[in-house]
Participant: 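Once you've had a glance at the structure underneath, I'll fire off some questions.
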Amino acid sequence: MSYFLSAGAAGAGLLAVGVVVALLLIGAVWWGVRRRAAEPAPGAPSRPDVRPHHIEERREPEPDAFPANGERLSPHEMKGYGNLGSRPAERPRDQTDE
């Protein structure tokens, strides 16, 4: 008994496997197209979103926000959260230092 197939039988088997895989892929695409067509279109929700009323706010800029000479400020010249500089870390107290 031989465990190896002849070249013709192996070729026919591979051809059959290829046809089955191709049919499965075509069926998957067909099924996906049908599912996509059954879904509601994007942007058409079943009920519209209720959004809060928009409130426009205007405020005067701080007096030192813009330089008097009309030039722009560099990032290191601006005041704000990121320009506080580093603070020295507190040294943990050892029990031997007391």
Participant: Can you list everything that forms a side-chain contact (heavy atoms from CB on, under 4.5 Å) with Glu56? Sequence neighbours excluded, please.
Facilitator: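 Partners of Glu56 under the side-chain contact (heavy atoms from CB on, under 4.5 Å) test: His54, Arg58.
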
Participant: Starting from Ile26, walk the hydrophobic network (Ile, Leu, Val, Met, Phe, Trp, Tyr; side-chain heavy atoms closer than 4.5 Å) and list everyone else you reach, by chain and number.
Facilitator: none

Participant: Spell out, yes or no, whether Leu25 and Val17 are grouped together once hydrophobic residues are joined by side-chain heavy atoms under 4.5 Å, including indirect joins.
Facilitator: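 Result: yes, single cluster for both.
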
